[in-house]
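Proteins come first, then strands; the chains are lettered A, B, ... in the order of their sequence lines, and each starts at number 1.
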Amino acid sequence: MPGTIQSIERAAAILRLLSGRARRMGVVDIAGELGLSKGTVHGLLRTLQQEGFIEQDAESGKYQLGAALLHMGSSYLDGNELRTRALNWSDSLATRSREAVRIGTLLDDKVLIVHHVFRPDDSLQTLEVGSLLPAHATAVGKVLLADHLYVAAELARSGLEGFTDATITDPDRLERELTRIRNQGWAADIGELVPGQVSYAAPIVDRRGLTVGAMGIFGPPERLLAARQPRPDLLSYVREGARSVSRELGAIPW
Amino acid sequence: MSERYVAAIDQGTASSRCLVFDRSARLVSVAQKEHHHIFPRPGWVEHDAMEIWDNVEEVVEGALSAAQLSDSDLVGVGIANQRESTLVWDRATGEPVHNAINWQDTRTDQLVRELAGDAGVDRYRERTGLPLTTYFSGPKVRWLLDHVPDLRRRAEAGEVLFGTIDSWLIWRLTGRHLTDVTNASRTMLMNLHTLDWDEVLLEELGVPRAMLPEIRPSAEVYGEAGSGPLEGVPVAAALGDQQAALFGQACFAPGQAKCTYGTGSFLLFNTGAQPVTSRSGLITTLACRVGPEPPTYALEGSIAVTGALVQWLRDNIGVIDSAPEIETLARTVEDNGGCYFVPAFSGLFAPHWRGDARGVIAGLTSYITKGHLARAVLEATAWQTLEVVEAINGDAGMDLRMLRVDGGMTANNLLMQILADVLDVPVVRPIVAETVSLGAAYAAGLAVGFWPDEDALQANWHKAAEWLPHMDPAKRARGYRKWRKAVARTVDWLDEDDELETV
């Protein structure tokens, strides 16, 4: 077995550390955690920073994962933070659309539901926060995949599971679908996960233009479809809602 | 017929806001402006009442123009306001004679102690529902009468007027000098049973009746606004902000309760048509009075440190970068690891009332991580709520069945689940988070017939989320026992000679 390269191992250890709980750490903390000298860690950090894998917070001087990594994998915006920032807009979307709202982020190759607002009709509903959904079979998931093609490719390689007749299981079709979603700025799932359930979603973008989550509504086709197509009024509520959350996160207003 | 709207002015401690709602209680527009805090001395907090009035006009204009509405689109406007803050102004010129004294201001500390005398802080509890503390308006007016030159003579001559912020805004808008029952119930001058100014209290606090506003229902057309962005719009409601939140949460029936989770938290429990005098140091207050209908009362328990503890963990200790991150951190562990955090930063409030207590982190072992600490911080809010709920259940003789929640901390799912577990009742977040403004809008809308009755408002109230209790009763009992042991360890910390450093 060929020998391993120590500096890459150490760089990987730093990235792993920064992707963990702490997420933002100073040189001393990292050195202490890895049992390395401050000088060594500093050199590694400088290289990683040049490559865009980490960045230094201007205010605290601490290091965090950088944008280059985000383009490769899933986002690191704390889901709880996202929910807090999105709360007013998700409530408003539920009120306007009179449908249930959910916000998801990518967790590995799945969608983690970080926020759920009940459909405002006082029917019996259960909070779905914390549940995992397949990314290629939900509107929220497809919006996220469209901006994280690396994840989509991985998912396609490991096989696209079919849930209904409408689920996209062909990698080429998924690729075309994701291109379309990226261009039009929204996604729809018409019975692709559960027969008789429709969902739409639009991307939530942060100040760097990265898709950090997706917000959408879900419900039965009788209410969400007109002539088998997404209803334009509901779709515009979803897109406006997601734009409002993006604005809240500091994305350029538009 | 074109769509009509109702506006709410939310004049709060930090800012003034105007929100516009449609008939289905959907938020259509909002504008906000902060005002300055004036700190003339340690413990003193004042506002410039003219600045507040200017800001109110500005945000009303802002909210209307943002939604491309004009005064003619509005059926009415309601006011929700910071409670207890006190103002005296000149009847002829409309100029304040002094800055408004904010509710947090402690300048009446000595005065309040003198009033309590040997009878203690509960001296006026039966009459007013309030303990003698620095918050309430009566002693603040008395301070102004004692300290502003010639003010007492002018007050007796009817040349100057007293009011809380609702009165000030209504007077500015309509030219009438009045206040609503909920605000009046925080002055310590109103008799809780007659709903009129109390001669004995006026005498003992030395406040001339000539300067007092007329006490009116919370929902009633007080008059039409004069010139300005609301010209001709009926001014149709006023409520203290926490009472407005209770109304906005549609807690119209006895036994219904809401808690607003912010820096501190306020729990109000509707006790129906009769005031309930608390035996556990809670406040008895007016919940609302709609027109000529009988008033409803509430018990109120406040918790000084809830969101403030999360901020403390972020700003003073630094284990989290933002408040929402506490949930992430707390979810790294399964439970509190035996750790309890009692944030008695400036003593214990309801129902303990121990000023000599200070904060404690109990149950520390080498096993405890920052995750456990984060959990203990969240649990502190839940246990403190339970203490208030138990006190209320005992005083009111009825049990809380469900807690309606609002405020910033309701975004924290883990906290809401812990709250449901600890209280052993469902915790429900409504879909319109702006409960304070909505309550004022509801009251105004009822007064002008925009909504026919409370049933119509109830129909607008929808769950956005619900957390059901799952905790094993034995585990809850053990947790509460430990919490109470931790609370017991906070008391008797302050010594006589500490006083100077801490005040």
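Using a 4.5 Å cut-off between heavy atoms, A:D121 contacts chain B through its backbone alone, with no side-chain atom that close. Heavy atoms closer than 4.5 Å to chain A are found in both the backbone and the side chain of B:I431. For A:T84, the parts sitting under 4.5 Å from any heavy atom of chain B are the backbone and the side chain alike. At a 4.5 Å heavy-atom cutoff, the contact between A:H115 and chain B is made by side-chain atoms alone.
Nearest heavy-atom pair, A:N88 versus B:A433, reported as atom, atom and distance to 0.1 Å: OD1-CB, 4.1 Å.
No more than 12 heavy atoms of other residues, nucleotides or ligands lie within 6.0 Å of CD in A:E33, so this atom counts as exposed by the packing criterion. The local environment of CH2 in A:W89 is sparse, with at most 12 non-hydrogen atoms from other residues, nucleotides or ligands closer than 6.0 Å.
B:S322 contributes atom OG, which lies 8.5 Å from atom CZ of A:R85 (distance to the nearest 0.5 angstrom). Summarising the geometry, atom OG1 belonging to A:T95 is positioned 10.0 Å from atom CG belonging to B:N460; distances are rounded to the nearest 0.5 Å. The distance from atom CG of B:D321 to atom CD of A:Q64, rounded to the nearest 0.5 Å, is 8.5 Å. Distance CG/B:N413 to CG/A:N80: 7.5 Å, rounded to 0.5 Å.
Among the candidates B:K463, B:R26, B:E466, B:E327, the residue making the largest number of heavy-atom pairs closer than 4.5 Å to chain A is B:E327. Of all the listed residues (A:V117, A:T126, A:D122), the one sharing the greatest number of non-hydrogen pairs under 4.5 Å with chain B is A:D122.
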Working for side chain to side chain contact (heavy atoms under 4.5 Å, CB included), residues B:R429 and A:L87: CA-CA 11 Å; B:R429 181 174 82 81; A:L87 201 61; 3.6 Å; yes
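Residues B:Q417 and A:V129 form no side-chain contact, since every pair of their non-hydrogen atoms from C-beta on lies 4.5 Å or further apart.
Applying the side-chain contact (heavy atoms from CB on, under 4.5 Å) rule to B:A63 yields the partners B:C18, B:V20, B:S29, B:A31; only residues at least two apart in sequence or on another chain are considered.
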